[in-house]
Amino acid sequence: MPELPEVETVRRGLAPVLEGRRLKRAQARRPDLRFALPERFAARLEGAKVLKLDRRAKYLVAPLDTGESLVAHLGMSGRFTILAKRGTERPGEFYYADAPDPTHTHVVLETDRGDRIEYNDPRRFGYMTLIPTDDLEAHAYFASLGPEPLGNAFHAEHLSGAFAGKKQNVKATLLDQRIVAGLGNIYVCEALFRSSISPKRAAGRIAAARLELLTTTVRDVLNEAIEAGGSTLRDYATVDGALGYFQHRFKVYGREGEPCPTCAAPIVRIVQGGRSTFYCPKCQR
DNA sequence: CCCACGACCTGTGGGC
DNA sequence: TGCCCACAGGTCGTGG
């Protein structure tokens with residue numbers, strides 16, 4: 001599920017049930033996700049008050065009143081489900097229409113208000129840990145991250161500096177979290193399409209004016225996806241029963257062989273760095 | 001340092 | 001129906 005917009009959507013969904021709540025119970029059903037969970041993981045969570053729920057790049061970061069922060073990355077298939085106490089659902093909470101396979105529910109949290117939050121992750125590429133809040137910025141997960149694409153430090157000058165001299169193609173370069181933090185395979189394809197930049201072009205060989213456009217399209221595509229509630233590629237419904245069905249229509253991602261929305265030439269799929277890239281060879285140069 | 005590639009793990013969908 | 005392969009939203013470690 002998760003690129004930046006999806007993680008942000010999860011953050012917004014979880015914040016109302018977590019922020020200001022005390023964790024009455026925590027359970028780790030296995031000792032590891034992608035990496036080993038820290039020593040006494042559940043015990044260190046139990047009794048802690050969640051001060052806030054933040055996002056940095058694709059990480060969720062929850063500072064606790066114990067001085068530690070719970071840090072979670074959803075990997076490829078991680079998802080949180082809120083099982084709100086019956087009758088207490090509020091707007092902003094959500095569940096997935098297709099219930100996750102319970103055999104892959106690895107972490108369960110219960111708040112002092114009676115809400116239950118489950119972390120499910122079949123592929124187990126996700127990870128969680130506890131880091132002293134004061135040490136977050138220096139931690140290996142965060143120290144080398146580039147700027148937030150929706151923040152003020154992400155602009156054309158940043159990209160021209162980071163791209164200077166790079167022979168690597170721009171697609172792979174934009175996936176490098178040290179250059180911009182939070183982009184993933186889908187939104188890189190979409191932003192390059194909107195910028196008319198070929199994914200095969202060397203990052204160091206993009207004119208300044210096009211980098212300006214690229215920063216704009218990156219922001220736009222992320223903001224639109226966040227507004228749409230994150231593109232989970234699956235339907236989800238809001239707890240209050242509103243028709244929450246969401247189908248984000250990508251322009252190129254996953255559309256091999258379909259006509260380019262601009263010029264009708266077929267969208268092409270290529271492999272770069274072992275991952276699929278979708279683009280229009282006529283529009284993107 | 002830069003870059004390409006395999007590894008991690010499970011599920012799903014297409015082709016035969 | 002069953003089997004096998006390719007592929008999936010991300011990162012990390014290794015080796016050139």
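Residue numbers start from 1 in every chain, and the chains themselves are labelled A, B, ... in the order their sequence lines are given, proteins ahead of strands.
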What is the distance, to the nearest angstrom, from the [atom1] atom on [X] to the [atom2] atom on [N]?
X      : N      : atom1 : atom2 : result
A:L174 : B:dC3  : CG    : P     : 13 Å
A:L33  : B:dT10 : CG    : P     : 12 Å
A:E256 : C:dA6  : CD    : P     : 15 Å
A:F278 : C:dC7  : CZ    : P     : 10 Å
A:K171 : B:dA4  : NZ    : P     : 12 Å
A:N169 : B:dC3  : CG    : P     : 9 Å
A:D121 : B:dG11 : CG    : P     : 11 Å
A:I270 : B:dA4  : CD1   : P     : 12 Å

Does the pair A:T111 and A:V50 meet the rule for a side chain to side chain contact (heavy atoms under 4.5 Å, CB included), with working shown?
-> CA-CA 10 Å; A:T111 72; A:V50 179; over 6 Å; no
Please tell me if the side chains of A:V252 and A:T277 come closer than 4.5 Å, counting only heavy atoms from C-beta onward.
-> no
Can any side-chain N or O of [X] pair as donor or acceptor with the backbone N or O of [Y] at less than 3.5 Å?
X      : Y      : answer
A:D115 : A:I82  : no
A:Q272 : A:K171 : no
A:E258 : A:I267 : no

Under 4.0 Å protein heavy-atom contacts per nucleotide of nucleotides 10-16 of chain C, with B for base, S for backbone only and - for none | BBS----
Please name the nucleotide paired to [N] by Watson-Crick or G-U wobble geometry with both distances under 3.5 Å, or report none.
N     : result
C:dG9 : none
C:dG2 : B:dC16
B:dC1 : none

On a whole-Å scale, what distance lies between the P atoms belonging to C:dT14 and B:dC9?
-> 15 Å
Say you draw a straight line from CD of A:E224 to OH of A:Y187; how long is it, rounded to the nearest 0.5 Å?
-> 10.0 Å
Does [X] have a side-chain nitrogen or oxygen under 4.0 Å from the phosphate oxygens OP1 or OP2 of [N]?
X      : N     : answer
A:H104 : B:dC9 : no
A:Q168 : B:dC2 : no
A:S276 : C:dC7 : no

For A:Y59 and A:F142, run ring-ring contact (aromatic ring centres under 6.0 Å, His included): C-alpha distance rounded to whole Å, both residues' side-chain angles, the deciding distance at 0.1 Å, then the answer.
-> CA-CA 9 Å; A:Y59 291 92; A:F142 302 102; 5.0 Å; yes
